[in-house]
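The structure appears right after this line, and notes come after that.
For ligands, and for the atoms within them, numbers begin at 1 and follow the listed sequence. Scope of the values below: all heavy atoms of this structure, side chains included, with no hydrogens, waters or symmetry mates.
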Amino acid sequence: MIDMVNIIEKKKAGQALSEEDIRGFVKGVTDGSIPDYQTSALLMAICFQGMDRAETFCLTDAMLHSGQTMDLKEVKGVKVDKHSTGGVGDKTTLIVAPLAAACGVSIAKMSGRGLGFTGGTIDKLESIPGFRVQLSPEEFLQTVETAGMSVVGQTQDVAPADKKLYALRDVTGTVNNISLIASSIMSKKLASGSDAIVLDVKCGQGSFNKTQKAAEDLGRLMVDIGTDAGKKVVAVITDMDQPLGNAVGNSLEVIEAIDTLKGKGPADITELALTLAGYMIYCGRKAASPEEGRRMAEEALTSGKALDVFRKFVTMQGGDVSCVDDYSVFKQPLFKGEAKAGAGGHVAGIKADSIGLASQHLGAGRKTKEDAIDLSAGILLLKKVGDTIENGEPVAILFSDSEEKLAAGIAEAESAYTFSAEKPETPILIKEIIE
Ligand code: URA
């Protein structure tokens, strides 16, 4: 039995915790034997004193072994996973997974639902009529074998210690600590059983990493944890000051992902997807370098091979594949309206967090875990940073099932835009790559 008071005192005094301390703590959190007040006290001490690399790795490893881990041995070749720290309009998984799978990399991905601005990848996929996000282990492996990729909902049994700790962190002001964030993300990723992981670490207004430095520090720590776990991990630091692509909302983002796989996607999302896919193909040992991986991803895009993978994947998971060619298959929203520019000149900025909030007002995101989301609600941005604009011109079209929600969304979206007479500098999308 561990002595929690002693562990809390040690961390409060700035000492490193031993492996026995950390593993005992995680075991006690998982089996419920440590009361929430002691767990919260330790979390707060960690926030003030931090953890070193060895402690952070130990915490990650203990959390990953607190529940079920996925065994992907039956899937041939190098399995590669991808994770984004989350942002507004981020539908890259739906594009990079087919791109990498079309180049021979096996993608067996567990993904989450979203809390906040829009749904997560799993919610987005559920906007395809019939699509099943819960597969039996046999169906999951069969889909990876046949289509080259599968995306399913994360089961309750993955890293249950993280689930308990995250719920407490959320209500005790202890979310924002680099070791707690890195171990939380990496415990779930490592439990998913892939051999390599490409991380998209966002920075900017629409991310919890407000600065590039914070994103780089987090990316580096997650790469270190992966290395210590014997996995290849790459962190790509990318911009989340303005939303990614033009579509924000569940079915709207699936449609934009399909458009991108048809070679008709916005430039920013296409660029990011090709870069991430290039690294996934390289990490999956199908290319000798990330540059070669990117060239292969480009070929998979222009030849239509990646779109073929997407069709197969949707079909195998029970989705109505006609959605790829006929977007009217998606649930249609009842109301639509425009957000308009309050000045002319150029779009100087689009606050990603305000656009995220607007999409939540429209019904596309959850405020609490229990909320239902409206899969057809969302925003299509007509103007991005640097575009020219006239006063009163529409900057975005918004969709919702309620006129009241639509009005709230429009007001929030209008507040997201800022304007300038001068053309602003083009934002840099891919800021840094940490291997
Ligand atoms: N995402 C997670 O899964 N955990 C965190 O702590 C932060 C973001």
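Protein heavy atom at the shortest distance from atom 3 (O) of ligand 1 is Lys188 NZ, 2.5 Å. Of the protein's heavy atoms, Ile185 CG1, 3.7 Å lies nearest to atom 1 (N) of ligand 1. Annotation: atom 8 (C) of ligand 1 to nearest protein heavy atom, Phe208 CE2, 3.9 Å. Among protein heavy atoms, atom 5 (C) of ligand 1 sits closest to Tyr166 CE1, 3.3 Å.
No side-chain donor-acceptor contact under 3.5 Å links Gln142 and Glu138. No hydrogens or angles considered: nothing links the side chains of Asp200 and Tyr279 as a donor-acceptor pair under 3.5 Å.
With a 4.5 Å cut-off on side-chain heavy atoms, Gln242 and Leu381 do not count as touching. Counting heavy atoms from C-beta outward, Leu17 and Lys10 have side chains that approach closer than 4.5 Å. Put simply, the side chain of Val152 does not reach to within 4.5 Å of the side chain of Glu139, judged on heavy atoms.
Residue Ser184 has at least one heavy-atom neighbour below 4.0 Å for each of these atoms of ligand 1: 2 (C), 3 (O), 4 (N), 5 (C), 6 (O).
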